[in-house]
Amino acid sequence: MSTIEIALPQVRKATVGISLRKIVYRSAAIVGLLAVWELAPRLGLVDSTFLPPFSDVMVAWWQLLADGQLLDNTLASLGRSLTGFGLAVVTAVPLGLLIGWYKPVAELLGPLLEVFRNTAALALLPVFVLLLGIGETSKISIVLYACVWPILLNTISAVRTVDPTLLKLARSLDLPPIRLFQKVILPAAAPTVFTGIRLAGAVSILVLVAAEMVGAKAGLGYLVNAAQFNFAIPQMYAGIVTISVIGVVFNQLLVALERRFTSWRRDQLS
Amino acid sequence: MIGLRAVTKDFGDFTALAGVDLDVAAGEFVVIVGPSGCGKSTLLDLLAGLTAPTSGQLLLHGKPINGPGLDRGIVFQQYALLPWRTALGNVEFGLEATGVPRRERTERAREFLDLVGLTGFEQRHPHELSGGMRQRVAIARSLAYDPEVLLMDEPFAALDAQTRESLQDELLRIWERTGKTIVFITHGIDEAVYLGQKVAVLTSRPGRVKRTVQIDLGNRAEVRDLRSSEKFAHYRHEIWELLHDEVARAQRLEVAR
Ligand SMILES: Nc1ncnc2c1ncn2[C@@H]1O[C@H](COP(=O)(O)OP(=O)(O)OP(=O)(O)O)[C@@H](O)[C@H]1O
Ligand SMILES: [Mg+2]
């Protein structure tokens, strides 16, 4: 029994049968935004040179897709984001569990972690460039750096806030430390750890795009920046829209994953 | 079977228990009552082996208690159920600790959920159960791995009166059926008289045993409403008298602090 135990997912009727009405209702605001975007430049409310109508942006998006630029840049960005994010997950989760478990270590490192967390990753971008150059290593490193903090801090606090009566129960059953960890600490900490992972997911894209704008030859951040430089405004917006969509999709994936593993908690909180 | 000899427990320079003496025979149902903060939970932790006494001795079968063990099962006031496990999974949790093979675990867990009247609720998670049902799961869990002694810390305190009374009856039924030794902590006088064969009244801070009262309510099956019988009223009053002074003293201490 070396598996980490986590509650089995439950299929719930409510989530399966989302009504059409709900979908329409929930997308109303976005449709509204797109309508304004389309109409405002056409009616001359804004200068269409700086904000072309949404349909023009879509045409540019289609062209970028057709000539392969979009795919290349998206893959470049996703590769960096996911590598940095993945590395952050596999290092920060175990590290957080360890730090959270050893109380003196948590207290010793607590203030230091606060300082690092509150130092915006982008403020350190020049340092990364200085030390690692402008290649892939420095981009992945800055994503890794930015993703580590939310995961690490959430994991530490998850372990430290495990219900003390559960720990008492485990102790009264004379559970060995490994079993205690596997059967009590890990499942109890899972929801909070996932929250950290989800935050890191959002951070990974935000930070990467910014990093790509500073010095890169590929990536969505580069695409947006280069388009702006060449005054290809519809292409610039096409890049921005792509980044937004990727961000939303990534977040939804992580939310779905989080739900699967913490279904026991959902109804409890609502 | 259980013996406490001048058990004292200090927290720093604060004395929670000062010389507790108590004997519990095998199969006996002993209730400990005392005012809030007199050290009841501290005493239970000592019996469970979760903490060590500052001085004095706790004996189980004549041997000192020096750590937690599966010969004692604890039922906590806050249920202490694992929220990510079902009722069945929670009962199995205790069995996993004892190394019962997997298939037998499920079987045993079902059996004990049945004993506490929870057949049909095996697959519910704690948040899908009422407070009374949760405590039943906790009781089933501690019974399932078959400890000799059941240690219960105000297990019914958070429940409404009706649920509490029905769980009290159920506990008595289980006790008669299984012959366990039970040490039950409460601050309710009625609960103490109703459940206990012997009631130990603790003094307020620091706690020690003020008096133990043997309870004999006659044959339970013969009396229809035990709680309004004359004998019950007599014991109730006796313990009330003993506790009354202590509660008053505890309040004075509270003000003085
Ligand atoms: N770990 C601890 N450190 C310091 N003081 C403690 C500790 N545990 C308990 N105490 C103190 O010891 C006293 C007895 O506590 P205990 O929890 O045993 O009381 P109790 O009789 O169970 O009270 P209640 O009826 O409210 O549950 C209290 O005054 C409490 O503040
Ligand atoms: Mg208590």
**Prompt:** At their closest point, which heavy atom of A:Leu175 faces which heavy atom of B:Phe93, and how far apart are they?
**Reply:** CD2-CZ, 3.7 Å
Side chain, backbone, both or neither: which part of [X] has an atom under 4.5 Å from a heavy atom of chain A?
{"X": "B:Leu151", "result": "neither"}
{"X": "B:Ala80", "result": "both"}
{"X": "B:Tyr145", "result": "side chain"}
{"X": "B:Ile74", "result": "side chain"}

**Message:** Within residues 139-169 of chain A, which residues come under 4.5 Å of chain B, heavy atom to heavy atom?
**Reply:** A:Thr165, A:Leu166, A:Lys168, A:Leu169
**Request:** Kindly check if the number of other-residue, nucleotide or ligand heavy atoms within 6.0 Å of CG (A:Leu112) is above 12?
**Result:** yes
**Message:** Counting only heavy atoms from other residues, nucleotides and ligands, does the tally under 6.0 Å from CZ of A:Phe116 exceed 12?
**Reply:** no
**Item:** Rounded distance [0.5 Å steps], CG in B:Leu44 versus OG in A:Ser172
**Value:** 10.0 Å
**Asked** Going by the side-chain hydrogen bond (donor to acceptor under 3.5 Å, both in side chains) test, which pairs reach into residues 196-212 of chain A, not counting sequence neighbours?
**Response** A:Ser77-A:Glu212, A:Arg80-A:Glu212, A:Arg198-A:Glu258
**Item:** Contact check, side chains of A:Leu173 and B:Pro68, non-hydrogen atoms, under 4.5 Å
**Value:** no
